[in-house]
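Structure, as structure tokens:
These figures come from a predicted structure and were not determined experimentally. We're numbering straight along the sequence, starting at 1.
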Amino acid sequence: MSRPHSTSSPEPPAPGPWWRDAVFYQIYPRSFADADGDGIGDLAGIRDRLGYIELLGADAIWLNPVMRSPMADHGYDVSDPRDIDPLFGDLDDFDELVREAHARWIRVVMDLVPNHTSSAHPWFAAALAAPPGSRERARYHFRDGRGPDGDEPPNNWPSIFGGPAWTHITDPDPNGQQHQGRPGQQHQGRPGQQHQGRPGQWYLHLFAPEQPDLNWGNEEVFDDLERTLRFWLDRGVDGFRIDVAHGMAKPDGLPDHDGWQSNKLLSHFDTDPRFNDPNVHDIHRRIRKIFDEYPHAVAIGEIWVHDPQRFAEYLRPDELHLGFDFHLALTGWDATAIRAAIDGSLAAVAPVQGTPTWTLSNHDVSREVTRFGGGPIGIARARAMILVELALPGAVFVYNGAELGLADVDLPDEALQDPVWTRSGHTDRGRDGCRVPLPWQGDRPPFGFTAATQGWLPQPESWAALTAERQLEDVTSMLSLYRSALELRRRRPELSGGIDWYGSPPGCLAFRRHGGLTCALNTTAVPVPLPPGAVLLASTPGVDTQLPPNSAVWLL
Ligand code: GLC
């Protein structure tokens, strides 16, 4: 690995960019570690735990948004993209985090949210105060409503978080008196509802009403993003994960759509007009030109596009460096499906010789332990899958807590904070279950996460057995397995080159890296004979001639 940007002493040149086979550790800052005792994680908390990330063996951290935000969607509603939210600290804390991370050879990747702003962004406040057709409104998607009174939304798009993708506002009074709308508490676009005050336009928000979509046809929008990119890259940041990177461009005329299929968060179909408009590629080309001035930095797109050819378009040499691939994060415990997911991910980068990426979970989806059945079986399967994932060529993303074997937490209704819960009319519990603060040490909540009596979401008592402190001392723990696998992945030349599939019994899979490592997985309920080779690492202790159920192994 070549040394991160802002450190001084040189390293021998690496054969390719650092991110090509990097392990990124995803930190959900609210839930990682709280240094100031308010029950919410912060930058100083992350700084205090850099030693842990170094011990784990990650090459980089990706921080979910830490920019200024009213936190309607926990930071994905940005009101000032060039400042740190006081909840997490300030710019000095951030600079110090980057400095200390680099001193440990850990790179720092931020989250960038270009598709929308917060409704508290000064641009949006100005848009609400300005009349229809104004320059201020042109930065967003404002439209007149349909129907005789303009009382119906401009088109039939739903919001990803539930309800319509449009909110009706009250336009300013041309005689000077302004009736400023309050997003989120507005007329929610129910046709026929009576207005208080002056009926006005509607604005588009693919997510919550507090997240108005920017109009990427407006030059000011790109110019502002350029300022933001340079602001952080000049501070030594090593790249960005670009939120909703397939969503910025919108189809001309914002047409209605027939036959909505899935409207689930992040699993919409490729025919969905809200995403993947071809004009998005021009935006990525312009963004890439800026990145090219910072050659150490990586641009990673969140791209929920299923068709491999269309996915690959985002990774053309003049667009993004990496694209998040969610095949594995959506796959259950089935060897055929896992193999198909791996083939799908490889196919999605093949047309452009791009770098594959792998992720089992993140802050938007169920944790893998839960997805694989929960309890001891879920843990055994998650242990096996991390060996599969880390044996694959490309970049790997590990969501904080996965290395401790955490499962989703069944939270009581009153604890839920994800906007999905309210927007869905309390039918979808949202994503809080996978966002519960990490257990660090001790026997009871908050397990060293905070000095407050509890964290922003309650941790289960049962996590006493899963604290980082306990697992560091236990050579059989999930954390120890991660550490060993990451260490071997970094050091062993056998973990290099492409993969070839091996024949394997039903319910199993086996592949071999061109460098020489074989990885075998058994998803069945019975042991199967091991492929030839000496065991380098196994997800279950005592693997000898047989591969136990729910296990994986690395062989040389
Ligand atoms: C992305 C984020 C998700 C967020 C949404 C809106 O999908 O991963 O957490 O809610 O964008 O910004």
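Side-chain atoms of Gln471 and Tyr482 include no donor-acceptor pair closer than 3.5 Å. The closest side-chain donor-acceptor pair between Asp325 and Ser345 falls under 3.5 angstrom. Side-chain contact, Ser118 with Asp77: no donor N or O sits under 3.5 Å from an acceptor N or O. Side-chain polar atoms of Asp364 and Tyr399 form no donor-acceptor pair below 3.5 angstrom. There is no side-chain donor-acceptor pair under 3.5 Å between Thr355 and His321. Inspection of the Trp304 and Glu302 side chains reveals an N or O donor paired with an N or O acceptor under 3.5 Å. Side-chain polar atoms of Tyr28 and Asn362 form no donor-acceptor pair below 3.5 angstrom. Between the side chains of Asp85 and Ser69, no donor-acceptor pair is found at a separation under 3.5 Å. For the residue pair Glu210/Ser119, the side-chain donor-acceptor check at 3.5 Å is not satisfied. Side-chain polar atoms of Tyr76 and His363 form a donor-acceptor pair below 3.5 angstrom.
One finds the OH atom of Tyr25 at 6.0 Å from the CD1 atom of Ile27 (value rounded to the nearest 0.5 Å). Distance OG1/Thr357 to CD/Glu389: 9.5 Å, rounded to 0.5 Å. Distance check: Thr467 OG1 to Leu438 CG gives 10.5 Å after rounding to the nearest 0.5 Å. Distance check, rounded to the nearest 0.5 Å: CG of Asp59 to CG of Asp238 gives 11.0 Å. With rounding to the nearest 0.5 Å, the separation of CG in Asp418 from CG in Leu411 is 11.0 Å. To the nearest 0.5 angstrom, Asp443 atom CG is 8.5 Å from Glu469 atom CD.
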| Working for side-chain contact (heavy atoms from CB on, under 4.5 Å), residues Glu54 and Leu50 | CA-CA 6 Å; Glu54 191 178 14; Leu50 283 173; over 6 Å; no
| task | Apply salt bridge (charged side-chain N to carboxylate O under 4.0 Å, His left out) to the pair Asp213 and Arg139, showing each step before the final yes or no. | result | CA-CA 9 Å; Asp213 278 56; Arg139 297 176 183 130; over 6 Å; no
| said: I'd like to know whether Trp157 forms a ring pair (Phe, Tyr, Trp, His ring centres under 6.0 Å) with His205, so could you lay out the CA-CA distance, the side-chain angles of the two residues, the decisive distance to 0.1 Å, and finally the verdict. | reply: CA-CA 10 Å; Trp157 294 4; His205 51 87; over 10 Å; no
| request: Assess whether salt bridge (charged side-chain N to carboxylate O under 4.0 Å, His left out) is satisfied between Asp270 and Arg310, documenting all intermediate values. | output: CA-CA 9 Å; Asp270 287 357; Arg310 296 190 76 186; 5.4 Å; no
| Is there a salt bridge (charged side-chain N to carboxylate O under 4.0 Å, His left out) between Lys250 and Asp277 once you walk through the steps? | CA-CA 6 Å; Lys250 307 290 186 295; Asp277 184 82; over 6 Å; no
| task | Evaluate side-chain contact (heavy atoms from CB on, under 4.5 Å) for Arg30 paired with Leu87, printing each intermediate quantity in order. | result | CA-CA 9 Å; Arg30 287 182 83 79; Leu87 203 54; 3.9 Å; yes
| task | Take Trp18 and Phe24, measure what ring pair (Phe, Tyr, Trp, His ring centres under 6.0 Å) needs, and give me the verdict at the end. | result | CA-CA 11 Å; Trp18 64 270; Phe24 294 82; 5.6 Å; yes
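Between Asp282 and the options Arg286, Arg285, His284, a side chain to side chain donor-acceptor pair (under 3.5 Å) holds for only Arg285.
In terms of modelled atom types and a separation under 3.5 Å, the side chain of His168 and the main chain of Gly200 share a donor-acceptor contact.
Looking at heavy atoms from C-beta onward, Tyr203 lies out of side-chain contact with Arg137 at the 4.5 angstrom threshold. Contact annotation: the side chain of His246 approaches that of Val244 to within less than 4.5 Å [non-hydrogen atoms, C-beta and beyond]. At a threshold of 4.5 Å between non-hydrogen side-chain atoms, the residues Ile40 and Asp34 do not count as touching. Using a 4.5 Å heavy-atom cutoff, the side chains of Ser79 and Thr117 are not in contact. At least one side-chain heavy atom of Leu390 sits under 4.5 Å from a side-chain heavy atom of Val23. Counting heavy atoms from C-beta outward, His116 and Leu214 have side chains that stay 4.5 Å or more apart. Between Asn64 and Trp62, the closest side-chain pair of non-hydrogen atoms falls below 4.5 Å. Side-chain contact check for Asn400 versus Gln26: every heavy-atom pair is 4.5 Å or farther apart.
Stacking of Arg235 on the aromatic ring of Phe94 is not recorded, the 6.0 Å distance cut-off and the 45° axial limit not both being met. Annotation: cation-pi pair Arg82/Phe231 absent, no NZ/CZ under 6.0 Å from the ring centroid and within 45° of its normal. Geometric assessment of Arg429 against the ring of Trp421 yields a positive cation-pi assignment under the 6.0 Å and 45° thresholds. With a 6.0 Å cutoff to the six-membered ring centre and a 45° limit on the axis angle, Arg143 does not count as a cation-pi contact of Trp166. Trp440 carries Arg49 over the face of its six-membered ring, with the cationic atom under 6.0 Å from the centre and within 45° of the normal.
Other residues, nucleotides and ligands contribute more than 12 heavy atoms inside 6.0 Å of the CG atom of Asp223.
Between Glu226 and Arg230 there is a salt bridge, since a side-chain N of the basic residue sits under 4.0 Å from a carboxylate O of the acidic one.
Taking the six-membered ring for Trp and the full ring otherwise, the centers of Trp216 and His141 sit at least 6.0 Å from each other. A distance below 6.0 Å separates the ring centres of Tyr314 and His281.
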